[in-house]
Peer 1: 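Here's a structure for you.
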Amino acid sequence: MSMPVRPDTAPTVVDIRKLWTVFKNADGEEQVVHRDLDLHIDRGEVLSLVGGSGTGKTVLLRQILGLEKPTRGAVEVLGQPPGELSATGAANVGMLFQHGALFSAFSVLENIAFPLRELKLLPNDLILHAALVKLQMVGLEPRHANMSPADLSGGMIKRVALARALIMDPPLLLLDEPTAGLDPEASDSFCNLLRGLHRELGLTVVMVTHDLDTLFDLSTRIAVLADHKVIVSGAAREVIAYPHPFIHEYFLGGRGQRALEALHEKPVETAPRPAGAGR
């Protein structure tokens, strides 16, 4: 079952206000992806972003991480614009990319250790020890440390990438399609791992996923991107009740109904909370 939503009084970890994202296509025409988008994410939440193709879900993750800048509007992470985080402040955000993004020339342990090594602040033995701790934290064993990424299964790649994202103990973790490409058993196992780490480490998590089982299993809140903004956010039952064509197709189609039945969801009766302030 989904984890309980944290109180609204919890400190805001991510604050996005009046955000616009505009790209130019090959013909030089402007394409608006986000328009006046508002979203606020509180400490301890597992917030999932869903939306159709081209709604800018991964773009929003990259803006939270500081890899991209919005056209206008404000993004703050722990009270700071992502681009102004110092080298040590960057440890406030960990990122798990969709396909792992491991370095093929590095061993498992060297992949995990890479962010710490880049800081050039710690001795090598301490860095390797920290990487080994994170390796075991994600359910792998010391014997896996010297393996090459090419020798790993899809589930193991996800775990190594997660260990690397957590190596500097960030309070905020971003996940881009964390269970994509995994079979049902590996997906369930990875969700169990994420749930346990969220609880044990007190993480705030922002996740993009198309997998409805993962969405319902992990989310404390769901934010739906459509019409260039967050049209509604709330618990699954609230969101599903919101009258919008995308929501009806996405959540109330065959796949959505099966996922809801698996979690013993009752029929939706309550009206949702409009996106408004994004809470």
Side-chain angles (χ1 to χ4, degrees), residues 13-14 46 58-69 75 77-78 80-182 186 189-191 193-194 196-198 200-209:
V13 174
V14 178
V46 180
T58 299
V59 171
L60 201 57
L61 282 190
R62 292 175 63 86
Q63 289 170 343
I64 294 171
L65 190 59
L67 295 179
E68 294 184 14
K69 291 184 178 181
V75 178
V77 177
L78 296 170
Q80 287 184 285
E84 294 182 10
L85 292 173
S86 64
T88 54
N92 287 324
V93 185
M95 178 75 190
L96 173 61
F97 296 94
Q98 181 173 344
H99 301 294
L102 299 182
F103 299 109
S104 59
F106 290 0
S107 69
V108 163
L109 199 65
E110 288 296 334
N111 264 284
I112 298 172
F114 181 79
L116 273 183
R117 204 179 290 286
E118 283 294 287
L119 287 180
K120 298 179 171 48
L121 296 176
L122 298 174
N124 185 60
D125 58 345
L126 188 56
I127 291 173
L128 294 179
H129 175 72
L132 189 60
V133 169
K134 290 299 188 288
L135 177 76
Q136 295 172 289
M137 182 182 289
V138 299
L140 298 177
E141 301 176 8
R143 63 186 177 88
H144 298 124
N146 293 321
M147 292 179 67
S148 165
D151 297 325
L152 303 178
S153 67
M156 292 174 71
I157 288 173
K158 297 279 189 180
R159 289 172 184 262
V160 173
L162 179 59
R164 183 177 63 186
L166 296 174
I167 188 65
M168 292 172 22
D169 298 318
L172 174 62
L173 178 64
L174 309 181
L175 308 174
D176 190 7
E177 299 288 358
T179 56
L182 301 183
S189 177
F190 197 69
C191 283
L193 171 64
L194 287 170
L197 291 172
H198 168 261
E200 294 167 15
L201 302 178
L203 293 168
T204 301
V205 180
V206 184
M207 173 173 67
V208 168
T209 182

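Residues: numbered from 1 along the sequence shown. The model shown is predicted, which means the values in this text are computed figures rather than measured ones. Basis for what follows: all heavy atoms, side chains included, without hydrogens, waters or symmetry-related copies.
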Peer 1: For Val77 and Pro82, which heavy atoms make the closest approach, and how far apart are they?
Peer 2: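 What the structure gives for the nearest pair is CG2-CG, 3.9 Å.
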Peer 1: Please tell me if the side chains of Leu102 and Leu152 come closer than 4.5 Å, counting only heavy atoms from C-beta onward.
Peer 2: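 A side-chain contact under 4.5 Å exists here.
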Peer 1: Which atom names give the shortest non-hydrogen contact between Pro171 and Asn92, and what distance separates them?
Peer 2: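 So the two residues come closest at CD-O, 3.4 Å.
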Peer 1: Donor-acceptor pair, Ser153 side chain versus Met156 backbone, under 3.5 Å?
Peer 2: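 Confirmed, Ser153 side chain pairs with Met156 backbone.
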Peer 1: Begin with the C-alpha distance, continue with both residues' side-chain angles, and end with the deciding distance and a verdict on side-chain contact (heavy atoms from CB on, under 4.5 Å) for Leu173 and Leu201.
Peer 2: CA-CA 11 Å; Leu173 178 64; Leu201 302 178; over 6 Å; no
Peer 1: Quick check: closest heavy atoms across Leu65 and Phe97, and the distance to 0.1 Å?
Peer 2: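 Leu65 and Phe97 have their closest heavy atoms at CD2-CZ, 4.4 Å.
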Peer 1: Rounded to the nearest 0.5 Å, how far apart are CG of Leu166 and CE of Met137?
Peer 2: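 With rounding to 0.5 Å, CG (Leu166) is 7.0 Å from CE (Met137).
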Peer 1: Closest approach of Leu193 and Val138, non-hydrogen atoms and distance?
Peer 2: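 The pair with the smallest heavy-atom distance is CD2-O, 3.6 Å.
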Peer 1: Return the set of residues passing side-chain hydrogen bond (donor to acceptor under 3.5 Å, both in side chains) with Thr204 (not counting sequence neighbours), or none when no residue passes.
Peer 2: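 Once residues adjacent in sequence are excluded, Thr204 has no partner under the side-chain hydrogen bond (donor to acceptor under 3.5 Å, both in side chains) criterion.
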Peer 1: To the nearest 0.5 Å, how far apart are CG in Leu194 and CG in Leu175?
Peer 2: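 Between atom CG of Leu194 and atom CG of Leu175 there are 6.0 Å.
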Peer 1: With no hydrogens and no angle check, is any side-chain donor or acceptor of Arg62 less than 3.5 Å from a backbone partner on Glu68?
Peer 2: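 Not confirmed, Arg62 side chain does not pair with Glu68 backbone.
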Peer 1: Leu61 vs Met95, test: side-chain contact (heavy atoms from CB on, under 4.5 Å). Steps then yes/no.
Peer 2: CA-CA 9 Å; Leu61 282 190; Met95 178 75 190; 4.1 Å; yes
Peer 1: Backbone N or O of Glu110 within a donor-acceptor pair of the Arg117 side chain at under 3.5 Å?
Peer 2: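 Absent.
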Peer 1: So, the side chain of Lys158 versus the backbone of Gln98: is there a donor-acceptor pair under 3.5 Å, distance only?
Peer 2: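 Yes; at least one donor-acceptor contact below 3.5 Å.
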Peer 1: So do Leu78 and Leu172 actually touch side chain to side chain, heavy atoms under 4.5 Å?
Peer 2: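 Counting from C-beta outward, Leu172 and Leu78 never come under 4.5 Å.
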Peer 1: Are Leu182 and Glu177 packed together at the side-chain level, in the sense that at least one heavy-atom pair is separated by less than 4.5 angstrom?
Peer 2: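 When only atoms from C-beta onward are counted, Glu177 and Leu182 do not touch, as no gap falls below 4.5 Å.
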Peer 1: Applying side-chain hydrogen bond (donor to acceptor under 3.5 Å, both in side chains), can you list everything that pairs with Glu141, at least two apart in sequence or on another chain?
Peer 2: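 Partners of Glu141 under the side-chain hydrogen bond (donor to acceptor under 3.5 Å, both in side chains) test: Arg143.
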Peer 1: Any side-chain heavy atom of Pro142 within less than 4.5 Å of one from Gln136?
Peer 2: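 Yes, side chains in contact.
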Peer 1: Just so I know, are the side chains of Val160 and Pro149 near enough to count as touching, which here means a heavy-atom distance under 4.5 Å?
Peer 2: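 No; the side chains remain at least 4.5 Å from each other.
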Peer 1: Write down the atom of Pro170, the atom of Ala165, and the distance for their closest heavy-atom approach.
Peer 2: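 Looking at all heavy atoms of both residues, the shortest contact is CG-O, 3.4 Å.
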Peer 1: Between Val93 and Leu174, is any pair of side-chain heavy atoms under 4.5 Å apart?
Peer 2: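 A side-chain contact under 4.5 Å exists here.
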Peer 1: When you compare the side chain of Val206 with that of Leu60, does any pair of heavy atoms fall below 4.5 Å?
Peer 2: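 Contact flag for Leu60/Val206 side chains = no.
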Peer 1: Within this structure, what is the NE2-CG distance for the pair His144 and Asp151, rounded to the nearest 0.5 Å?
Peer 2: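 Answer rounded to 0.5 Å: 11.0 Å.
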Peer 1: Give, for atom CZ of Phe114 and atom CZ of Phe103, the distance between the pair rounded to the nearest 0.5 Å.
Peer 2: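 These two atoms lie 4.0 Å from each other.
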Peer 1: Would you mind reporting whether Asp125 and Leu128 have side-chain heavy atoms less than 4.5 Å apart?
Peer 2: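 Answer no - side chains too far apart.
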Peer 1: Provide the closest heavy-atom pair for Ile64 versus Val75 in the form atom of the first, atom of the second, distance.
Peer 2: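 The answer is CA-CG1, 4.2 Å.
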Peer 1: Got a second to check how far Leu109's CG is from Leu140's CG, nearest 0.5 Å?
Peer 2: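 These two atoms lie 11.0 Å from each other.
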Peer 1: In Å, rounded to the nearest 0.5 Å, how long is the span from OG1 of Thr58 to CG of Asp176?
Peer 2: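 The distance works out to 3.5 Å.
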